[in-house]
2 protein chains.
Amino acid sequence: MDSEFKKQELNVTGEGYLPGLAIDAVIFGFHENELKVLLLTYKNTGFFALPGGFIYENEDVNEAARRVLFHRTGLKDIFLEQFYTFGDKSRHDVEPLKTIMGARGFIPKDDHWLLGRFVSIGYYALVDFTKVNPAPDSISDSCDWFNLTDLPNLMQDHGNIISKALDTLRLDLDHKLIGFNLLPEIFTMGDLQSLYETILNKKLIRAAFQRKMLSMGVLERVAKKWTGGAHKAPYLYKFVSEKKA
Amino acid sequence: MDSEFKKQELNVTGEGYLPGLAIDAVIFGFHENELKVLLLTYKNTGFFALPGGFIYENEDVNEAARRVLFHRTGLKDIFLEQFYTFGDKSRHDVEPLKTIMGARGFIPKDDHWLLGRFVSIGYYALVDFTKVNPAPDSISDSCDWFNLTDLPNLMQDHGNIISKALDTLRLDLDHKLIGFNLLPEIFTMGDLQSLYETILNKKLIRAAFQRKMLSMGVLERVAKKWTGGAHKAPYLYKFVSEKKA
DNA sequence: TATTATTGTAACATATTGATACAATGAAAA
DNA sequence: TTTTCATTGTATCAATATGTTACAATAATA
């Protein structure tokens with residue numbers, strides 16, 4: 001049982017946290033040509049939710065987001081970006097939470113701090129699927145990858161949050177070099193293209209894609225060549241952050 | 001004295017508002033080839049600040065932003081978009097507020113709710129300069145337009161907020177049709193181009209700009225022609241929201 | 001009526017992206 | 001070992017988009 005758990009259970013008033021404010025993290029991964037999202041599962045409730053957390057009184061909001069990300073994935077120095085703050089009053093829906101807490105044997109009073117209205121700051125993260133160690137938080141039973149194309153019913157407005165995160169990812173992909181954050185350190189041009197195709201949900205022209213990517217001067221060919229198919233071996237690449245002018 | 005004033009002064013505990021949460025609005029205008037921002041002035045303090053406000057307990061955050069915008073400009077149905085939530089703990093700086101309140105003859109206790117830490121949700125708005133009626137709020141002396149190129153010293157991180165709003169505006173300008181929100185209903189191609197040039201801070205090619213804008217099929221030529229110069233009269237345009245397929 | 005500055009657009013040059021083609025080649029099959 | 005096969009890397013050309021120059025049209029002014 002991790003320390004987060006005790007804090008949440010004991011801290012009946014939510015003391016130490018900024019009141020009414022939460023963080024939700026849409027953690028994207030990529031594996032076997034599928035975009036994936038990390039979700040928490042609450043056994044025997046049928047509920048699924050985004051990993052999230054609260055902000056300590058003397059902590060930057062961005063810091064808190066990093067902390068949440070680290071606890072769910074074991075990763076630091078990850079691409080993480082705030083994309084929207086969800087503040088509709090219609091978000092406020094206590095029933096799922098009551099059910100979840102009930103399933104854990106904890107019946108909260110109606111004025112329990114977790115049952116109040118929360119404004120939630122949404123972050124999205126791009127992680128290397130192979131490096132993640134998904135870990136549930138105190139009130140969830142597991143933390144697993146789900147295909148974006150086959151999501152379960154999500155708590156509250158979490159489906160909407162994911163959808164907005166995906167919109168932002170697609171826009172950002174067009175004018176920032178962020179896709180490689182979803183790949184292992186070393187990858188082929190084919191890997192990169194199918195990543196882009198999966199995110200954008202459309203076929204790209206192979207020759208043009210390769211030409212474009214190489215023209216940006218941020219890919220470095222690695223000596224070693226990939227092997228494993230009955231055909232010419234593709235080059236292996238890694239990203240170099242600084243463009244050489 | 002508007003009703004907002006009484007609420008803020010009387011409401012010593014900040015009751016009725018979501019705690020620790022605020023809204024800051026970067027309201028852009030365009031006049032005489034200058035981008036402008038609405039700022040509140042606090043006489044005898046040297047402080048300037050973005051218009052802002054708080055969120056009622058049973059109000060959507062976006063609603064609150066519209067309310068703030070309406071109170072400062074008298075305008076409804078305005079382009080307004082959330083762009084970032086500012087949550088660094090270093091934002092917390094009570095001195096300016098104490099000075100401002102002091103200049104108004106109000107010495108707050110150290111635990112006054114306005115002196116606590118706030119997370120602020122940033123919105124930017126694009127308004128028709130000619131239609132705005134700037135109105136100060138309860139604790140400010142005036143609300144005026146300032147040139148973006150010649151801003152006074154701003155309170156707290158408000159300079160940073162404006163700068164991030166401008167970054168967002170520039171990005172959005174490239175892939176959304178939002179510029180016209182800063183112009184009167186009817187304008188010339190020259191007006192539109194100099195607006196774009198001012199926002200992007202670079203010269204654009206006249207022929208290419210015109211071709212591009214016309215090719216998007218969202219400009220409608222208005223019968224009446226502009227007059228006022230010793231040269232061929234330019235067409236007048238207005239935006240039509242629906243593209244005709 | 002001539003002058004002048006600016007507009008609308010054509011025409012061409014250059015750059016970017018789309019589409020097709022093909023030689024290179026690494027593994028598996030023959 | 002040789003042949004077959006699928007896929008890669010890149011060249012080539014086509015289509016589109018953007019940068020550049022040029023010029024006729026024209027509304028106010030002189």
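Note that the structure is predicted; figures quoted are calculated from it, not measured. All values below were derived from every heavy atom in this structure, side-chain atoms included, with hydrogens, water molecules and symmetry-related copies excluded.
- Summarising the geometry, the separation between CZ on Phe209(A) and P on dG18(C) is reported as 12 Å, rounded to the nearest angstrom.
- The closest side-chain donor-acceptor pair between Thr41(A) and Asp141(A), if any, does not fall under 3.5 angstrom.
- Distance CE (Met213(A)) to P (dG18(C)): 12 Å, rounded to an integer number of Å.
- Taking a 4.0 Å limit (strictly below) on heavy-atom distances, residues 198-208 of chain A reaches DNA chain D at Arg206(A), Ala207(A).
- Rounded to whole Å, atom P of dA17(D) lies 17 Å from atom CG of Asp174(B).
- If you find the closest nucleotide of DNA chain C to Lys212(A) and to Gln210(B), the one lying nearer the 5' end belongs to Gln210(B).
- Atoms CG (Leu214(B)) and P (dA17(D)) sit 15 Å apart, rounded to a whole Å.
- In this structure a side-chain-to-backbone donor-acceptor pair under 3.5 Å is present from Asp191(A) to Thr188(A).
- Taking atom CZ of residue Arg211(B) and atom P of nucleotide dT14(C), one finds them 15 Å apart after rounding to whole Å.
- A donor-acceptor pair under 3.5 Å is absent between the side-chain atoms of Arg221(B) and the main chain of Tyr235(B), judged by distance alone.
- Atom C1' of nucleotide dT7(D) and atom CG of Leu236(A) are separated by 15 Å, given to the nearest angstrom.
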After noting the C-alpha distance and the side-chain angles of Arg66(B) and Glu59(B), does the key distance pass the salt bridge (charged side-chain N to carboxylate O under 4.0 Å, His left out) rule? CA-CA 11 Å; Arg66(B) 300 222 155 266; Glu59(B) 182 185 42; over 6 Å; no

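- Between the side chains of Thr149(B) and Asn147(B), not a single donor N or O lies within less than 3.5 Å of an accepting N or O.
- Applying the side-chain hydrogen bond (donor to acceptor under 3.5 Å, both in side chains) test to every pair with at least one member in residues 154-170 of chain B, sequence neighbours left out, gives these pairs: Arg91(B)-Asp157(B).
- By the 30° and 60° cut-offs, the orientation of the rings of His31(A) relative to Phe129(A) is parallel.
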Reading nucleotides 25-30 of chain C from the 5' end, what letters show protein touch, with B for base, S for backbone sugar-phosphate only, - for no heavy atom under 4.0 Å? BBS---

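- Classification of the Phe48(B)-Phe146(B) ring pair by plane angle, with boundaries at 30° and 60°, yields perpendicular.
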